[in-house]
Number of protein chains: 2
Amino acid sequence: MTARRGTRVTLVDVARLAGVDKAIVSRVVNEDPSLVIRPDTRERVVEAIQNLGYRPNVAARSLRTAKAGTLGLVIPDFANPVYAEIITGAESAALAQGHVLVTGSSTGANSSMDRYLDLLGQGRVDGLMLASPTTAHEQQKLESLGLPWMMVNRRDTGDHHRFVILNDAQAAKLAVEHLLELGHQEIVHVAGPFGADTARRRATGYRQAMKLAGLDVRAESIARGDYTPGGGADAMAQLLRGGVLSPTAVFVANVAMAVGVLDTLRRNGLRVPEDVSVVAVHDLPLAEHLVPALTTVRMPLQELGARAVELLLASSPEDEVAEVVNTAMELVQRESTAPLTRD
Amino acid sequence: MTARRGTRVTLVDVARLAGVDKAIVSRVVNEDPSLVIRPDTRERVVEAIQNLGYRPNVAARSLRTAKAGTLGLVIPDFANPVYAEIITGAESAALAQGHVLVTGSSTGANSSMDRYLDLLGQGRVDGLMLASPTTAHEQQKLESLGLPWMMVNRRDTGDHHRFVILNDAQAAKLAVEHLLELGHQEIVHVAGPFGADTARRRATGYRQAMKLAGLDVRAESIARGDYTPGGGADAMAQLLRGGVLSPTAVFVANVAMAVGVLDTLRRNGLRVPEDVSVVAVHDLPLAEHLVPALTTVRMPLQELGARAVELLLASSPEDEVAEVVNTAMELVQRESTAPLTRD
DNA sequence: AACCATCGTTCAATCGTTTGACCGACAGTA
DNA sequence: TACTGTCGGTCAAACGATTGAACGATGGTT
């Protein structure tokens with residue numbers, strides 16, 4: 001209640017009011033198990049803390065303990081809703097463990113990755129999660145910070161094993177199996193860019209599911225886009241042009257490209273889902289509002305973020321971290337997929 | 001180059017290597033203007049810093065200076081792209097001034113606003129920006145922290161004057177004037193929720209623009225939604241039902257509601273833009289991918305975030321802060337608006 | 001020759017917590 | 001009585017950077 005503005009309340013103030021040494025107060029605050037104390041003394045201390053509105057000073061504590069109580073997360077772009085989900089999951093996991101999450105984007109005007117590493121590598125964070133593409137030079141810098149770090153939703157090509165990813169292949173299989181169940185056989189794939197390992201895994205899942213169903217996948221059945229609407233539109237156009245057989249269904253590697261795919265189909269006079277079914281990975285709010293509403297496979301991105309935090313907090317800089325989060329995925333069926341209708 | 005893992009390099013290490021006192025090193029690092037030093041000494045110091053890869057310890061510095069070098073931003077939800085823009089702007093402004101931005105959401109599982117204030121009010125941040133709704137109790141708590149703080153894109157009803165907002169009325173006027181220029185007169189408004197002051201200002205702008213054009217605004221010309229697609233759909237349905245005259249154009253208070261508005265219009269057999277034109281505030285990536293692509297008024301949200309940071313860093317807890325960011329807004333014309341065609 | 005100013009640098013207190021070491025009082029035991 | 005062991009605390013040294021004050025050397029002035 002007594003919240004004096006301006007004056008910071010310290011351990012000493014509390015100790016004085018409670019008539020004990022500050023060491024006692026510190027141990028009470030931190031619930032030191034080695035502390036033996038009379039109940040009434042503890043009472044006095046707790047009361048004094050309440051009365052003065054004492055809050056431990058983070059800087060002093062960090063200085064002493066060499067722990068910041070903070071984790072860093074670097075993402076490419078705040079506007080991408082995929083990262084929003086990762087952030088949300090990471091944030092609440094961090095909070096649950098008494099840590100604060102600092103999220104930075106690596107593409108801002110003056111916020112290069114390098115700049116961030118400089119800022120964060122001074123004891124400001126206890127660990128770092130990277131959902132952004134990272135150069136070898138940056139990785140080296142990371143190593144030199146002596147912090148635990150890991151890639152999130154991204155598996156790097158180096159010899160490091162420090163990542164948490166999702167089961168993208170499984171998601172792709174779910175999507176393709178849905179199309180198969182609807183009777184489709186001419187299923188093409190709009191894949192993600194070469195550099196993205198999520199794209200690679202989704203393509204693999206597509207191939208596996210097709211193979212399992214006894215269907216061929218020819219080179220012309222796959223076109224690569226860059227995870228943007230424009231890229232998706234182009235890739236779809238290419239598939240329509242090149243194919244000998246006309247596809248009755250499309251599996252798209254992400255929702256952004258699906259937007260372009262829908263557009264290309266519409267421009268070519270193809271109705272969705274009457275003429276062509278479309279399904280994409282992963283479910284985003286946007287998917288519901290497209291016309292037609294998009295069928296998707298929802299991936300556990302929040303859990304990915306949360307798991308990353310847990311692993312980070314439990315690891316040393318030297319530890320290997322390699323995990324595939326295998327929480328169940330869910331097919332979200334909307335208007336863009338329908339049973340095959342033979343003309 | 002010499003980046004020893006594990007061992008932290010301190011001022012003393014640098015001082016020893018350079019053969020000077022640590023005070024000198026500190027002053028060199030901080031570019032203390034009162035420092036007089038021989039060029040060759042400075043050289044030695046700088047070199048030692050480089051060689052050891054010295055980075056000042058933030059905790060120690062914070063403890064001594066009572067500054068954290070960090071600003072806090074609390075938003076309701078990371079998934080909302082409106083906040084993504086504010087974050088981006090705030091982040092790069094903060095970085096430009098050598099500060100780190102900590103962004104937290106107030107709606108997460110265990111991340112109530114209260115919890116955040118607890119975590120941040122321990123010297124972890126030098127100031128706080130709130131883009132979330134705030135209770136009186138929370139505001140009181142804020143005051144007791146003795147930090148400078150302000151509301152962002154939200155003006156509170158209290159007697160405080162601590163906010164940065166945009167010129168929402170002006171945005172609304174731009175939108176309505178666009179419709180007027182296209183020849184529309186029966187222009188209705190799907191407004192935002194009662195609690196949101198942005199909604200109030202946009203409604204005011206709508207009224208002003210109509211009045212300026214010599215047009216009446218009757219009560220039935222405005223319906224309130226809750227800034228969600230569902231709310232927009234309902235509000236539009238209400239406008240179609242209640243009105244004596246059928247509207248030829250709709251001004252929608254945000255893009256999320258516009259999604260629902262488009263849906264309701266479609267379900268009622270009205271084509272956009274042939275039968276009804278639709279324009280919304282503010283421009284989001286999503287707007288481009290709706291069918292039809294949505295005409296919007298782009299607001300300077302990044303600048304809002306940036307300006308908030310600047311004002312925060314330049315203010316004391318006692319200062320009043322009340323600013324309307326007046327950067328030019330822009331009408332982004334797409335497919336959802338067209339000239340009035342008289343049947 | 002004594003004095004003073006300036007330059008370039010060192011000294012040392014301080015920020016608020018944490019934590020191992022230490023210590024007096026009291027009870028139980030031999 | 002002397003000794004040992006717990007209980008309930010106190011003491012003080014860190015952690016690393018900042019910053020006002022002090023200080024020795026040098027050169028110039030009178």
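Lettering follows sequence order; numbering is per chain, from 1.
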Considering only side-chain heavy atoms of B:Arg61, which listed nucleotide, D:dA17, C:dT17, C:dG20, is closest? D:dA17
Going by heavy atoms closer than 4.0 Å, what residues in residues 33-49 of chain B are next to DNA chain C? B:Val36, B:Ile37, B:Arg38, B:Thr41
When A:Leu312 is tested against each of A:Met129, A:Arg307, A:Arg162 for side chain to side chain contact (heavy atoms under 4.5 Å, CB included), which residue passes? A:Met129
Choose from C:dG16, C:dT9, C:dC11 the nucleotide whose nearest atom is closest to any side-chain atom of A:Asn57. C:dG16
Is the backbone of A:Gly69 close enough, under 3.5 Å, to the side chain of A:Asp126 for a donor and an acceptor to pair up by distance? yes
Would you mind classifying the nucleic acid contact of A:Asp32 as base, sugar-phosphate or nothing, using non-hydrogen atoms under 4.0 angstrom? nothing
When you get a sec, tell me which of D:dT19, C:dT19, D:dG16 is the closest nucleotide to the side chain of B:Ala23? D:dT19
Which listed nucleotide (D:dT10, C:dT10, D:dG16) is nearest to the side chain of A:Asp21? D:dT10
When you match B:Lys22 and B:Gly19 each to their closest nucleotide on DNA chain C, which lands nearer the 5' end? B:Gly19
For B:Val25, which contact category applies under a 4.0 Å heavy-atom criterion: base, sugar-phosphate, or nothing? nothing
Could you tell me how far apart B:Lys67 (NZ) and C:dT14 (P) are, to the nearest whole angstrom? 21 Å
For B:Leu11 and C:dT10, what is the distance between atoms CG and P respectively, to the nearest whole Å? 13 Å
Measuring from atom CG of B:Asp77 to atom OG1 of A:Thr88, what distance do you get when rounded to the nearest 0.5 angstrom? 6.5 Å
With a 4.0 Å cut-off on N to O distance, would you call A:Glu138 and A:Lys141 a salt bridge? no
Mind checking if A:Thr10 touches a base, just sugar-phosphate, or nothing, with heavy atoms under 4.0 Å? sugar-phosphate
Whole-Å gap separating C1' (C:dT9) and CZ (B:Arg16): 18 Å
A:Ile75 vs A:Asn80 side-chain heavy atoms within contact, under 4.5 Å: no
Which nucleotide in D:dA17, C:dT9, D:dT10 has an atom nearest any side-chain atom of B:Ile24: C:dT9
Taking atom types as modelled, is there a side-chain donor on A:Arg124 or B:Thr70 under 3.5 Å from an acceptor on the other? yes
Using a heavy-atom cut-off of under 4.0 Å over every strand shown, decide if B:Val29 touches base, sugar-phosphate, or nothing. nothing
Calculate the interatomic distance between A:Arg55 atom CZ and C:dT17 atom P; express it in whole Å. 12 Å
Protein-nucleotide distance (A:Leu63, atom CG; D:dA17, atom P), rounded to Å: 9 Å
Take atom CD of A:Glu43 as the centre, draw a 6.0 Å sphere, and report whether it contains more than 12 heavy atoms from other residues, nucleotides or ligands. no
Of all the nucleotides listed (D:dT10, C:dC11, C:dC15), which has the minimum atom distance to the side chain of B:Arg27? C:dC11
